[in-house]
**Q** 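Take this structure first; my questions come after.
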Amino acid sequence: MPHISLSNLMVAYGNQKVLQNITVDIPNNQITAIIGPSGCGKTTLLKTLNRLVDLYDEIRVEGEVRIDGADIYDPKADLLNLRKKVGFLSQKPYPLPMSIHDNITFGPRIHRMNRKELLDQIQELEKHIPIDSLCPNGRQEETRHSKTHEMAYLVEYYLRLAGLWEEVRERLHAPAAQLSIGQQQRLALARALAVEPEVILADEPTSALDPISAQLIEKQFKTLKNHYTIVVVTHILRQARRIADYVIFLYLGELVEHGPAEQFFSSPRDERTRAYISGEIS
Amino acid sequence: MWCRGPRLSTYQCSFKPRKAATTSEKRGGVANAIVGSLCLAFGASLLSFLLGLPIAFALQKEYISRRLAQITRLSLDILWGTPSIVYGAFGFIIMVYLGLRASLLGGIIALTLLMLPIMVRSIDEVIRMTPPELKEASYAMGATRIETTFKVVLRQALPGMITGVLLAFGRGIGDAASILFTTGYTDYIPRSLFDPVASLPLAVFFQVATPIPEVQQRAYASALILLIIVLLISVVSRLLSHRYSRHIIR
Ligand SMILES: Nc1ncnc2c1ncn2[C@@H]1O[C@H](COP(=O)(O)OP(=O)(O)OP(=O)(O)O)[C@@H](O)[C@H]1O
Ligand SMILES: [Mg+2]
């Protein structure tokens with residue numbers, strides 16, 4: 001069963017409808033790319049998936065968004081738990097105003113996870129992605145932090161998982177604001193992962209980054225998809241081709257076409273998709 | 001002995017405790033006014049900070065409606081621009097109502113009224129400069145609005161808040177009109193909140209226009225000390241806010 005399933009979703013800012021009639025299932029443990037021209041509602045769609053749209057005034061959401069079977073817009077739904085389960089990566093990274101270390105521990109701290117829960121969380125994750133596999137070849141003994149210091153171990157694990165550890169291991173207590181923007185984006189990824197979400201939403205996560213940093217993020221996503229469901233908004237078609245397993249194409253607030261990436265790019269069914277892929281509309 | 005201007009001897013005299021100088025006496029220093037002013041300004045800063053911080057935080061859109069926030073801001077701006085003699089008069093009314101005599105506490109209340117709008121609005125402005133995406137990042141991890149306010153927004157706004165607090169302090173310590181009716185004036189250093197208290201601005205006000213040169217000099221000395229205190233405050237505020245701005249996100 002898919003984690004996320006949308007049916008007849010409509011989203012409006014005040015009277016202006018920006019999304020209509022969206023019905024789609026997002027496949028588990030794959031990378032789904034949401035593509036479409038600027039202003040077609042990609043960010044809005046992404047933010048409806050963990051109710052970040054709630055932060056806007058006058059937002060209206062109709063229809064259903066089910067995650068693991070439960071309607072997340074149900075008035076009784078647990079908002080904080082939803083956001084814990086569905087992490088979000090913004091277009092421009094915003095490190096929290098604290099040290100690198102504290103950025104990673106922020107999630108576990110606000111969710112008041114105790115020692116045992118932390119260890120369980122990492123142990124569970126290590127079954128799928130062992131920390132040795134995150135170390136460069138032959139340097140496995142370098143995992144400095146033993147499991148007796150669970151927070152330190154957690155910080156190291158998630159920084160490695162986001163591919164940032166080697167660059168920051170010597171300055172974990174430096175302000176996160178000092179990192180380069182590419183490093184900040186990977187820090188944001190590590191920070192989001194430390195809450196142990198099941199789904200990761202990413203809104204054009206590489207658009208503020210240089211090509212090398214962008215590649216690092218893409219590479220990290222490909223590693224992570226075995227264990228997480230990833231939804232990426234992108235306006236770069238080549239990026240969608242590179243990383244997506246499944247594609248959702250929005251045009252003027254409507255869901256025009258969706259399907260497995262291979263089929264979507266090789267034999268699009270809709271005229272507008274064909275035009276968009278060939279670069280006639282943008 | 002010390003006739004021309006605030007020489008060193010002034011300050012030596014200043015710190016002879018307890019008995020300072022009456023406004024008409026030739027001898028004596030201004031320790032009563034220095035201590036009194038510091039007590040007034042610190043007391044009022046503390047009180048207006050404790051009252052003002054929650055108000056400033058509550059003005060965020062997570063807590064109250066945009067309309068109410070706008071109205072509050074507008075009112076505070078009007079209060080900010082209100083002449084301080086009005087606060088003095090109002091403080092006096094409150095004092096009478098509470099059955100207080102002219103005292104340190106009365107002065108603190110009047111000064112708090114004066115400083116509160118400055119405190120709230122300057123803290124509010126730095127809070128509003130917090131990028132919405134920063135809050136969003138916190139909410140996206142499942143933080144509540146309280147956690148977001150205290151663990152993220154507070155840290156981000158800290159350097160600016162320090163400046164705001166010291167701005168209010170500077171305004172408060174130099175104000176004469178608001179404490180004119182509320183503190184009284186005395187030669188002594190106050191022993192409790194209910195004692196009358198001297199202050200630097202009033203030391204200037206009461207002494208500068210006398211025909212006795214020694215007393216006049218004391219007024220100039222008070223003015224100079226006041227200036228130095230305000231200068232120190234702005235230096236300290238810069239240092240502190242620089243020190244705490246390492247972490248903030250632009
Ligand atoms: N906070 C808001 N209030 C009102 N309208 C908004 C708001 N945010 C977005 N919109 C409108 O909703 C529509 C969709 O915006 P959205 O940001 O979802 O587009 P997008 O596909 O992400 O575009 P881009 O590729 O430029 O990021 C736009 O027409 C935009 O003007
Ligand atoms: Mg967008």
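A, B, ... follow the sequence lines: proteins, then strands. Residue 1 opens every chain. What you see below is based on every heavy atom in this structure, not just the backbone, and it leaves out hydrogens, waters and symmetry mates.
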**Q** What residues form a side-chain contact (heavy atoms from CB on, under 4.5 Å) with L98(B), not counting sequence neighbours?
**A**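 In terms of side-chain contact (heavy atoms from CB on, under 4.5 Å), with neighbours along the sequence ignored, L98(B) is linked to I94(B), L100(B), I109(B).
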**Q** Using the side-chain contact (heavy atoms from CB on, under 4.5 Å) definition, which of the options L19(A), V18(A), I35(A) pairs with L250(A)?
**A**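 Checked L19(A), V18(A), I35(A) against L250(A); only one passes side-chain contact (heavy atoms from CB on, under 4.5 Å): L19(A).
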**Q** So, do V199(A) and L201(A) sit near enough that their side-chain heavy atoms are less than 4.5 Å apart?
**A**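 V199(A) reaches L201(A) side chain to side chain.
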**Q** By a 4.5 Å heavy-atom criterion (distance strictly below it), what part of I248(B) contacts chain A: side chain, backbone, both, or neither?
**A**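 I248(B) touches chain A through backbone heavy atoms alone.
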**Q** Working to the nearest 0.5 Å, report the span between CG of D120(A) and CG of N114(A).
**A**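 Between atom CG of D120(A) and atom CG of N114(A) there are 8.5 Å.
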**Q** Just by distance, which donor-acceptor pairs between chain A and chain B come in under 3.5 Å?
**A**
from    : atom 1 : to      : atom 2 : distance (Å)
K47(A)  : NZ     : E136(B) : OE1    : 3.1
K47(A)  : NZ     : E136(B) : OE2    : 3.3
L55(A)  : O      : K61(B)  : NZ     : 2.8
D57(A)  : OD2    : R66(B)  : NH2    : 2.3
M98(A)  : O      : H247(B) : ND1    : 3.4
H111(A) : NE2    : M141(B) : O      : 2.8
R112(A) : NH2    : E147(B) : OE2    : 3.4

**Q** Specify the closest pair of heavy atoms between L193(A) and I200(A), including all atoms of both residues, with the distance to one decimal.
**A**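 That closest heavy-atom pairing would be CD2-CD1, 3.4 Å.
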**Q** Within the 4.5 Å heavy-atom criterion, are I217(A) and L209(A) side-chain neighbours or not?
**A**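 A side-chain contact exists here, since the closest heavy-atom pair is under 4.5 Å.
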**Q** My understanding is that only residues two or more places apart in sequence, or in another chain, count here; which of them pass side-chain contact (heavy atoms from CB on, under 4.5 Å) with A177(A)?
**A**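 By the side-chain contact (heavy atoms from CB on, under 4.5 Å) rule, A177(A) matches I249(B).
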**Q** With a 4.5 angstrom heavy-atom cut-off, could you sort out which part of P132(B) is near chain A: side chain, backbone, both or neither?
**A**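 Neither part.
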**Q** Counting heavy-atom pairs closer than 4.5 Å to chain B, which one of A192(A), A194(A), P95(A) comes out on top?
**A**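 Going by pairs under 4.5 Å, I would pick P95(A).
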**Q** Can you list everything that forms a side-chain contact (heavy atoms from CB on, under 4.5 Å) with Q30(A)? Sequence neighbours excluded, please.
**A**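 Applying side-chain contact (heavy atoms from CB on, under 4.5 Å) to Q30(A) gives P27(A), D245(A), Y246(A).
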**Q** Under 4.5 Å heavy-atom distance to chain B, tell me which part of L52(A) shows up: side chain, backbone, both or neither.
**A**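 Side chain of L52(A) only, per the 4.5 Å heavy-atom cut-off to chain B.
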